[in-house]
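Working notes, beginning with the structure itself.
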Amino acid sequence: MVENGFQSSFMQEAAARGFIFQCTDSVALDEAMAKGSVAAYIGFDPTADSLHVGSLIQIMMLRLLQKHGHRPVALVGGGTARIGDPSFREEARRLMTEETIGTNLAGIEGCLRQFLTFGGGASEAILANNAEWLDKLAYIDLLRDVGVHFSINRMLSFDSVKNRLDREQGLTFLEFNYSILQSYDFRELNRRHGVTLQLGGSDQWGNIVSGVDLVRRTDQKSVMGLTTPLLTTSSGAKMGKTANGAVWLSEKRLPVFDYWQFWRNTEDADVGRFLRLFTDLPLDECARLEALQGAEINEAKKILATEATALCHGREAAQAAAEAARQTFEEGKVAAADLPVHTVPQTLLAEGVPVFRLFVEAGLAKTNGEARRLVRGGGARVNNAVVQDENGVISEKDMVEGAIRLSSGKKHHVLVKVA
C-alpha cells in the first residue's frame, strides 16, 4: 500500500509524522529504501557535554531509520569541533580545548546510546568520529582534492553565510571551511560505511547539498540529502528553550523530573505534533490523543511527557517522575526522591538566609528583585506555605525530613539540602 506518495515504510512513516522538509531526490530515496537497507548519517558537534531537545528531532529520525531496518550512523565532530559550525550563528563560537572536546564527546555518546542500539548488525547504529580522518588531512592535498570542486560564489549564496556577512561580526576563514569539511565527512562515510544519505535540520541544507555534489564530482556516485523542519512552538518560541535555559537530555544536566515537566507544559496546539515526532506511539493513538478537548488534553500531555521521558531516561524513571508530579500537583505532597535537588553549604542555613536570596540560590529566580516580586505576588512557597515576608529568614529549623521545599508558582519546585 502506498501512502503519502511513498512506497517504502520509512518514508511513509517519516512523512506521516512530520519529519520531512526537503529532499534532494525523494523518488530515488524512496526506491532505494524499498529495495533494501540504506545507511544514513547525522552529525553532532560536541559544543557541550550533553545534547538537548533541539537535537532530538534528528535523533528520532535515526531511531525511525533503525526501526525500519536501515542503518543509522551517528557522527560526532571531534575534528570539526575545532572550528565550529557557523550556520545561522550571530558570532563565532569560542574555540574549545582538546580536554573539553573529549569530555563533550563522551557525554554526547551517552545521550545517543539512550535512543539507539549500537553494534555490528545490519541495522545497528555506528558511532563515528570525524577526527579519525580530519586530523590526518594535509592542507595542500585537501585543496587539490576537494577545494577545486567548491565555488566561492555558491558558498556565499548560502543563507547561513549571508546572514553572518551582513553582521559586523563577519565570518572567519576558519569557519568558512566548515562546509568543505562537512562535505568531506559525507564522502568519507560513503567510502568507509556505504552511507548514501545525510540527514539534518533545514539550516544544514546548503552544507548537505555541497556534500552530495562533492561525492558526485569526485567518486561519480549518487548520494542524497534529507532535512527536517526547524521546530518552534505554536507561540513562536524556539523548541527546547525555556526561561531557565536549554532542556538537556543528560540527567547530569537536567533532573528527570524537570525533563518530564518540560513535556507536560507543552502548549495545547503542539500536543499532536510532538506526540508524532518525539514518541514511538502509533499514529492512530497520536491522533486520538490530539483530538481530546478541554481538560482532557492534560491527560494527553501527561502521556506525551511520560513517553518522551521513557525514551530518554527509561520507563521506570519516567513513571517515577509522573508519580512525583501527581503527588506534587494533585496531592500537594513532597516526592523527595524525584524532585530536583539544590545543595547549599551547611553554614548558609545554620546562620539563616533571607527567603528571597534562597530562591535565587536555588535557581527559582534570576535576581533578588525577581525573587522579591515573586513573593509579593504570592507565587513563592516554602514547604507548601505561601511566603508572606520577602525578608523572612530561612534556616535549618525549616527543614522537613532533611530538606526545604521551595516552590515558584504551581510547576517549579526545588528541594534544598545541605552539603
Side-chain angles (χ1 to χ4, degrees), residues 1-44 57-75 115-128 149 154 179 182-231 273 276-278 280 282-284 286-287:
M1 180 179 179
V2 177
E3 296 180 6
N4 303 312
F6 297 118
Q7 57 181 322
S8 65
S9 59
F10 170 80
M11 291 294 282
Q12 287 178 11
E13 186 168 358
R17 288 187 178 272
F19 282 105
I20 299 176
F21 183 68
Q22 295 164 298
C23 186
T24 55
D25 192 337
S26 60
V27 174
L29 177 58
D30 186 39
E31 290 176 352
M33 288 186 156
K35 291 177 181 177
S37 177
V38 169
Y41 94 96
I42 295 176
F44 301 92
I57 190 171
Q58 310 303 330
I59 299 173
M60 292 300 292
M61 275 283 272
L62 292 179
R63 184 178 176 86
L64 190 63
L65 275 166
Q66 192 162 56
K67 171 186 173 181
H68 289 281
H70 303 289
R71 187 159 210 179
V73 177
L75 178 69
F115 293 87
L116 303 170
T117 301
F118 289 84
S123 63
E124 290 184 312
I126 295 172
L127 185 69
H149 299 293
R154 185 182 183 191
S179 180
Q182 184 170 321
S183 299
Y184 190 94
D185 285 344
F186 198 172
R187 189 181 73 172
E188 196 66 23
L189 288 170
N190 176 262
R191 291 176 176 180
R192 291 175 180 236
H193 301 295
V195 172
T196 56
L197 175 65
Q198 182 181 355
L199 305 169
S202 60
D203 60 333
Q204 293 296 316
W205 180 248
N207 292 336
I208 290 174
V209 171
S210 293
V212 170
D213 192 50
L214 177 66
V215 176
R216 179 183 61 81
R217 288 172 178 270
T218 61
D219 293 10
Q220 293 74 53
K221 291 182 179 179
S222 177
V223 294
M224 292 159 284
L226 177 68
T227 64
T228 59
L230 288 183
L231 285 185
R273 185 164 55 121
R276 287 187 287 272
L277 290 172
F278 302 117
D280 288 340
L283 286 166
D284 56 354
C286 294

Answer yes or no: is there a donor N or O on one side and an acceptor on the other, between the side chain of His70 and the main chain of Ala39, under 3.5 Å? no
Phe278 and Leu231: side chain to side chain contact (heavy atoms under 4.5 Å, CB included), yes or no, with the steps? CA-CA 12 Å; Phe278 302 117; Leu231 285 185; 3.5 Å; yes
Polar side-chain atom of Gln12 near backbone of Phe6 as donor-acceptor pair, under 3.5 Å: yes
OG of Ser26 to CE of Met11: how many Å apart, nearest 0.5 Å? 5.5 Å
What verdict does the side chain to side chain contact (heavy atoms under 4.5 Å, CB included) test give for His68 and Leu64, after you've listed the backbone C-alpha separation in whole Å, the side-chain angles of each residue and the deciding distance to 0.1 Å? CA-CA 6 Å; His68 289 281; Leu64 190 63; 3.8 Å; yes
dist His149:NE2 -> Thr218:OG1 (nearest 0.5 Å) comes out at 6.0 Å
Could you point out which residue of Thr24, Val195, Val212, Leu214 forms a side-chain contact (heavy atoms from CB on, under 4.5 Å) with Val223? Val212
Nearest heavy-atom contact between Ile208 and Gly200 is CD1-N, 4.0 Å
Return the minimal non-hydrogen interatomic distance between Ala15 and Ile20, and the atom names on each side. N-CD1, 3.8 Å
What heavy-atom pair brings Arg276 and Arg17 nearest, and what distance separates the two atoms? O-NH1, 2.8 Å
Go through the side-chain N and O atoms of Gln182 and Asp185 and say whether any donor and acceptor fall under 3.5 Å apart. no
Between Glu188 and Arg192, is there a side-chain N and carboxylate O pair less than 4.0 Å apart? yes
Residues pairing under ring-ring contact (aromatic ring centres under 6.0 Å, His included) where one sits in residues 7-38, two or more places apart or in two chains, turn out to be none
In this structure, CG of Asp30 is separated from CG of Asp25 (nearest 0.5 Å) by 10.0 Å
Run the side chain to side chain contact (heavy atoms under 4.5 Å, CB included) check on Leu75 and Ile42 step by step: do they pass? CA-CA 6 Å; Leu75 178 69; Ile42 295 176; over 6 Å; no
Rounded to the nearest 0.5 Å, how far does SG of Cys23 lie from CH2 of Trp205? 6.5 Å
Mark yes or no for whether Arg63, through its side chain, and Phe115, through its backbone, hold a donor-acceptor pair below 3.5 Å. yes
Considering all heavy atoms of both residues, which atom of Pro72 and which atom of Ser123 are nearest to each other, and what is their separation? CD-O, 3.6 Å
With rounding to the nearest 0.5 angstrom, report the CD to CG distance, Gln204 to Leu199. 11.5 Å
Within the 4.5 Å heavy-atom criterion, are Leu277 and Met60 side-chain neighbours or not? no
Hydrogens and angles aside, do Gln58 and Thr228 bring a side-chain donor and acceptor to less than 3.5 Å of each other? yes
Ionic contact status for Lys67 with Asp280, cut-off 4.0 Å: no
Between atom NZ of Lys35 and atom OG of Ser8, what is the distance when rounded to the nearest 0.5 Å? 12.0 Å
For a quick test of reading the model, state the closest non-hydrogen atom pair linking Ser183 to Gly211 and the distance between them. OG-N, 3.2 Å
If we ignore hydrogens and angles and just use 3.5 Å, is the side chain of Gln7 paired with the main-chain N or O of Ala34 as donor and acceptor? no
Apply side-chain hydrogen bond (donor to acceptor under 3.5 Å, both in side chains) to Thr227 and Gln22, showing your working. CA-CA 5 Å; Thr227 64; Gln22 295 164 298; 3.1 Å; yes
Do you know which two heavy atoms are closest between Met61 and Leu226, and how far apart they sit? CE-CD2, 3.6 Å
Would you please test Ile126 and Arg71 for side chain to side chain contact (heavy atoms under 4.5 Å, CB included) and show each step? CA-CA 8 Å; Ile126 295 172; Arg71 187 159 210 179; 3.5 Å; yes
